[in-house]
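Basis for what follows: all heavy atoms, side chains included, without hydrogens, waters or symmetry-related copies. This is a predicted model, so every value here is computed, not measured.
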Amino acid sequence: MQLDPSKIWLTGAPPPALPAAADIEAHGSLVAFQIHVRDVLRAFLPLAPVTAQPKPGACTYADKRTVASEVESALRSTGISMVVALDAGTRKSAAPHAVCLDPFTFAVAIAENPVTNRGASGTGVTASRAAELAMICLSGLPLGNGVCAVQSYTLGGEEGQLQTAEVTFQTAYTITPPASMLAEE
């Protein structure tokens with residue numbers, strides 16, 4: 001089965017596998033990876049009702065300084081939030097000043113306030129549907145230094161007034177130093 005890139009990607013082509021060098025320089029490899037996955041989700045057209053919201057917490061990453069307040073704001077205004085977070089990595093090999101992690105595990109956690117999200121100001125994309133779309137988006141996609149695979153899916157059900165879901169993925173990823181630390185040749 002082959003998906004039409006012009007129907008699923010904002011630019012008509014899949015995103016690059018690796019984070020931008022500027023993000024690695026500014027935030028380090030691990031945070032840059034989270035930012036990159038967030039940007040991949042934002043570029044996936046089927047998730048646009050959620051990710052294109054003008055609310056910062058609609059699709060964010062766990063290491064962002066204001067993540068808790070942004071998620072809270074998104075849940076109040078549009079009713080849904082997706083957060084990319086790192087889970088774990090197993091060292092496969094090490095090179096001088098770099099570490100290859102394989103598997104490298106990360107998750108997309110989704111929280112939905114059904115009353116708001118399924119109302120007039122919401123996205124209408126449920127927590128379980130957002131998880132399904134995240135799986136379609138990332139599964140089989142070259143990401144990091146490997147190919148992304150779904151490891152698990154959990155539908156949390158109701159947590160207070162929220163519906164929750166989480167999808168865990170695996171790939172490989174090499175933590176590299178930013179360019180500013182490298183010797184000039």
- Query: Where do V71 and S81 come nearest, in terms of heavy atoms and distance?
  - Reply: CG2-OG, 3.3 Å
- Task: For the pair L30 and D63, evaluate side-chain contact (heavy atoms from CB on, under 4.5 Å) and give the outcome as yes or no after the intermediate values.
- Result: CA-CA 9 Å; L30 294 174; D63 278 329; 5.6 Å; no
- Query: What are the two closest non-hydrogen atoms of H36 and P16, and how far apart are they?
  - Reply: NE2-O, 2.8 Å
- D87 side chain to T105 backbone, donor-acceptor under 3.5 Å: no
- Is there a ring pair (Phe, Tyr, Trp, His ring centres under 6.0 Å) between F104 and F33 once you walk through the steps? CA-CA 11 Å; F104 181 72; F33 183 85; 5.0 Å; yes
- Query: Is it true that a side-chain atom of N117 and a backbone atom of T123 form a donor plus acceptor pair closer than 3.5 Å?
  - Reply: yes
- Task: Give a yes or no on whether the backbone of A127 and the side-chain of E112 come within a donor-acceptor separation of less than 3.5 Å.
- Result: yes
- V31 side chain reached by Y61 side chain, heavy atoms, under 4.5 Å: yes
- Roughly how far, to the nearest 0.5 Å, is the OG atom of S180 from the CD atom of E25? 3.5 Å
- Query: Can you list the steps and then say if L101 with T90 is a side-chain contact (heavy atoms from CB on, under 4.5 Å)?
  - Reply: CA-CA 5 Å; L101 300 170; T90 301; 6.0 Å; no
- Query: Is there a side-chain contact between Y153 and M135 (heavy atoms, below 4.5 Å)?
  - Reply: yes
- Item | I35 side chain reached by H27 side chain, heavy atoms, under 4.5 Å | yes
- Task: Quick one: closest heavy-atom pair of A62 and Q34, and the distance?
- Result: N-OE1, 3.2 Å
- Same cluster for M82 and I8 if Ile/Leu/Val/Met/Phe/Trp/Tyr side chains link at under 4.5 Å? yes
- Message: Rounded to the nearest 0.5 Å, what separates atom CD in Q163 from atom OG in S128?
- Response: 8.0 Å
- Item | D102 side chain vs Y173 backbone, donor-acceptor pair below 3.5 Å | no
- Message: If I compare all heavy atoms of R42 with all of C59, which pair ends up nearest, and what's the gap?
- Response: NH2-O, 3.1 Å
- Taking all heavy atoms of P14 and all of L141, pick out the closest pair and write down the distance. CB-CD1, 4.3 Å
- Under 3.5 Å, is there a donor-acceptor pair between the side chain of S29 and the main chain of T176? yes
- Task: Treat each ILVMFWY residue as a node, draw an edge where side-chain heavy atoms are under 4.5 Å apart, and state whether L45 and V40 are in one component.
- Result: no
- Message: So, taking the atom named CG in D23 and the one named CG in D39, what distance separates them when rounded to the nearest 0.5 Å?
- Response: 7.0 Å
- Message: I need the Q161 CD to N113 CG distance, nearest 0.5 Å.
- Response: 6.5 Å
- Task: Is it possible for you to say whether I110 and L155 belong to one hydrophobic cluster, with membership spreading through side-chain heavy-atom contacts below 4.5 Å?
- Result: yes
- Side chains of F106 and L143: does their closest heavy-atom pair fall under 4.5 Å? yes
- Message: Less than 4.5 Å apart, side chain to side chain, heavy atoms only: is that true for N145 and T171?
- Response: no
- Task: Spell out, as yes or no, whether a donor-acceptor pair under 3.5 Å connects the side chain of R91 to the backbone of V99.
- Result: no
- Query: Would a 4.5 Å heavy-atom cut-off, applied to side chains only, mark C137 and W9 as touching?
  - Reply: yes
- Give the minimum heavy-atom separation between A130 and L47, together with the two atoms involved. O-CD2, 4.1 Å
- Within one Ile-Leu-Val-Met-Phe-Trp-Tyr cluster: V37 and V150, side-chain cutoff 4.5 Å: yes
- Query: With a 4.5 Å limit on heavy-atom distance, are the side chains of F169 and V84 in contact?
  - Reply: no
- So do L75 and T116 actually touch side chain to side chain, heavy atoms under 4.5 Å? no
- Task: Indicate yes or no for a side-chain donor-acceptor contact from Q53 to the backbone of A74 under 3.5 Å, with no hydrogens or angles considered.
- Result: no
- For S77 and S73, indicate whether the former's side chain and the latter's backbone hold a donor-acceptor pair under 3.5 Å. yes
